[in-house]
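Below you'll find the structure, written out as structure tokens, and then a few comments.
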Amino acid sequence: MGEYVVLARNQYAKDYRLIETVDERGHIHTDYEYIGVPYSFVQSPEQVRRELRLRGVLCLLGWCWFLLAMLPNSQAMRTWYVSLPFVFTALPLWQGSSATLSLLRAPQPMERRFADRLENRFPPAALAMMLLPGGATVLELVSWAAGRNRSAPDGAFALCAVLCAVCGACCFARRGRLTLRRGA
């Protein structure tokens with residue numbers, strides 16, 4: 001038969017080697033060792049720390065604007081075609097935030113799973129952090145143009161959604177500021 005690919009939950013399993021030891025009581029202890037290719041930043045540690053902190057602040061501001069947009073009792077959050085893309089903004093916000101936090105705590109040189117978060121997970125999350133609230137704002141403006149009542153809570157929602165999209169746009173614009181090289 002032909003070759004097939006098994007989609008496993010842990011795609012980095014081949015990067016580790018299991019080490020089993022037996023203590024004096026006869027208990028088996030299992031530990032792991034990273035045997036994959038190490039990754040390191042091209043930029044200086046100070047530049048890396050500054051960039052990751054800035055991304056963390058942008059993600060935190062995105063969370064603040066996201067939550068503030070849902071606080072007022074607005075017609076926008078009761079309109080499914082406006083609220084649905086906006087509520088789904090939480091997923092890329094979580095991915096971008098978790099990728100940034102894990103990179104801040106990553107040991108140097110990094111393992112492949114951390115490099116993957118920087119290069120393959122953060123840019124699409126930042127793009128979605130920009131497009132989803134931006135799309136919700138555009139749909140809110142379209143509903144205003146269609147004649148739905150405009151109120152102060154709806155204006156607050158639109159403003160917070162735009163500011164959340166701006167945070168995502170800033171993150172997306174900074175996606176190439178950190179680069180990695182293979183090897184120590």
May I ask you to test the [X]-[Y] pair for a side-chain heavy-atom distance under 4.5 Å?
X: Leu180; Y: Met110; value: yes
X: Ser40; Y: Arg181; value: yes
X: Phe157; Y: Gln75; value: no
X: Asp15; Y: Glu111; value: no
X: Thr179; Y: Gln43; value: yes

Report yes or no: does [X] contribute a side-chain atom to a donor-acceptor pair with the main-chain N or O of [Y] at less than 3.5 Å?
X: Asp31; Y: Ile19; result: no
X: Gln47; Y: Arg177; result: no
X: Asp116; Y: Asn120; result: no
X: Ser97; Y: Trp94; result: no
X: Ser74; Y: Met70; result: no

Nearest heavy-atom pair of [X] and [Y]: which atoms, and what distance?
X: Ala128; Y: Pro133; result: O-CD, 3.9 Å
X: Ala125; Y: Gly96; result: CB-N, 3.9 Å
X: Asp154; Y: Ala76; result: OD1-N, 2.9 Å
X: Gly168; Y: Met130; result: C-CB, 3.8 Å
X: Ala165; Y: Gly134; result: CB-N, 3.8 Å
X: Leu58; Y: Cys171; result: CB-SG, 3.5 Å

Around atom CD1 of Ile35, are there more than 12 heavy atoms of other residues, nucleotides or ligands at under 6.0 Å?
->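 Buried by this count: over 12 neighbours within 6.0 Å.
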Rounded distance (nearest 0.5 Å) linking atom [atom1] of [X] with atom [atom2] of [Y]:
X: Arg55; Y: Cys170; atom1: CZ; atom2: SG; answer: 12.0 Å
X: Trp80; Y: Leu139; atom1: CH2; atom2: CG; answer: 9.0 Å
X: Leu52; Y: Ser102; atom1: CG; atom2: OG; answer: 9.0 Å
X: Phe114; Y: Glu119; atom1: CZ; atom2: CD; answer: 14.0 Å
X: Phe172; Y: Phe122; atom1: CZ; atom2: CZ; answer: 10.5 Å
X: Leu178; Y: Leu118; atom1: CG; atom2: CG; answer: 5.5 Å

[Y] reachable from [X] in the ILVMFWY side-chain graph, under 4.5 Å edges:
X: Leu101; Y: Trp63; answer: no
X: Leu163; Y: Met129; answer: no
X: Val82; Y: Val142; answer: no
X: Leu67; Y: Leu60; answer: no
X: Val87; Y: Leu93; answer: yes

Yes or no on side-chain contact (heavy atoms from CB on, under 4.5 Å) for Cys164 and Thr89, after CA distance, side-chain angles and deciding distance?
-> CA-CA 9 Å; Cys164 186; Thr89 304; 4.1 Å; yes
Criterion side-chain contact (heavy atoms from CB on, under 4.5 Å) on Tyr81 and Ser143, from CA distance to verdict | CA-CA 10 Å; Tyr81 57 85; Ser143 68; 3.4 Å; yes
Hydrophobic cluster (4.5 angstrom, side-chain heavy atoms) - remaining members for Tyr32 =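 Other cluster members: Tyr12, Tyr16, Leu18, Tyr34.
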Members sharing Val162's hydrophobic cluster (side chains within less than 4.5 Å) =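 Answer for Val162: Val166.
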